[in-house]
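I have placed the structure first, in the form of structure tokens, so that the comments after it can refer back to it.
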Amino acid sequence: MKIERIVVGLDDSPRAPFVLESALAIAARHGAKLWVVRAAGLTSPLPAEVLSIRPDDVPSILQKSERKRLEALVAAAHPSVPVELVVEVGAAADVICGLAKSVRADVVVVGSHGYRGLDHLLGTTAQRVANLAPCSVLVVRPPMQ
């Protein structure tokens, strides 16, 4: 399998750096370009400025806030491969799969919560990405403790 374009979907969980590190290692090994994507939405932390703006401006504020957080996460990883950051408002699985389709990704990398119960019944973002992605999907689990 030739891997030239990788999309990695990151949330703001404690395991996101591990997922990013895994995607960067694959990209470096294959000489691939990496798109790092985060979906901004109502589950994103709301900056205080959201309380004093017009509702139509909320999506752009969320995108800016999430982009700053994503930039810091990527900078801390010291990538050695080309990285493009993408922040879009929407449901995470839709944003990740839409980007994968638009850049013709060879593989998508996402993290797994490893949750049970309600997430197990309703499906996680990783499960939705695995079912909807236009390419192969690698679901990264953090190391066992």
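Every residue meeting the side-chain contact (heavy atoms from CB on, under 4.5 Å) condition with Val37, not counting sequence neighbours, appears here in chain and number order: Val7, Val86, Val95, Ile96, Leu99. Under the salt bridge (Lys or Arg N to Asp or Glu O under 4.0 Å) criterion, Glu4 pairs with Lys2, sequence neighbours left out. Take Asp94 and apply the side-chain contact (heavy atoms from CB on, under 4.5 Å) test, not counting sequence neighbours, and it matches Ala91, Leu132. Shown here are the side chain to side chain donor-acceptor pair (under 3.5 Å) partners of Lys33, two or more places apart in sequence or in another chain: Glu84. Scored by the side-chain contact (heavy atoms from CB on, under 4.5 Å) test, Val139 finds Val110, Ser112, Ala126, Val137 as partners (sequence neighbours excluded).
Side-chain contact between Ser136 and Val108 is absent, with no heavy atoms from C-beta onward closer than 4.5 Å. Side chains of Arg67 and Arg38 form no contact here, defined as non-hydrogen atoms less than 4.5 Å apart.
Residues Ser80 and Ala28 approach most closely at OG-CB, 4.2 Å, considering heavy atoms. Of all heavy-atom pairs spanning Cys97 and Pro134, the tightest one is O-CD, 4.0 Å. Considering every non-hydrogen atom in both Arg15 and Gly111, the closest pair reads NE-C, 4.2 Å.
Contact check on Glu66 versus Arg69 returns a salt bridge, with a Lys/Arg side-chain nitrogen under 4.0 Å from an Asp/Glu carboxylate oxygen.
Screening residues 98-108 for salt bridge (charged side-chain N to carboxylate O under 4.0 Å, His left out), with sequence neighbours left out, gives Arg5-Asp106. Sequence neighbours left out, not one pair with a member in residues 23-32 passes salt bridge (charged side-chain N to carboxylate O under 4.0 Å, His left out).
A donor-acceptor pair under 3.5 Å links the side-chain atoms of Gln127 to the main chain of Thr124, judged by distance alone.
Val81 belongs to a hydrophobic cluster with Met1, Ile3, Ile6, Val8, Leu10, Phe18, Val19, Leu20, Leu24, Ile26, Leu34, Val36, Leu70, Leu73, Val74, Val83, Leu85, Val87, Val107, Val109, Leu138, Val140, counting contacts under 4.5 Å between side-chain heavy atoms of Ile, Leu, Val, Met, Phe, Trp and Tyr, direct or through other members.
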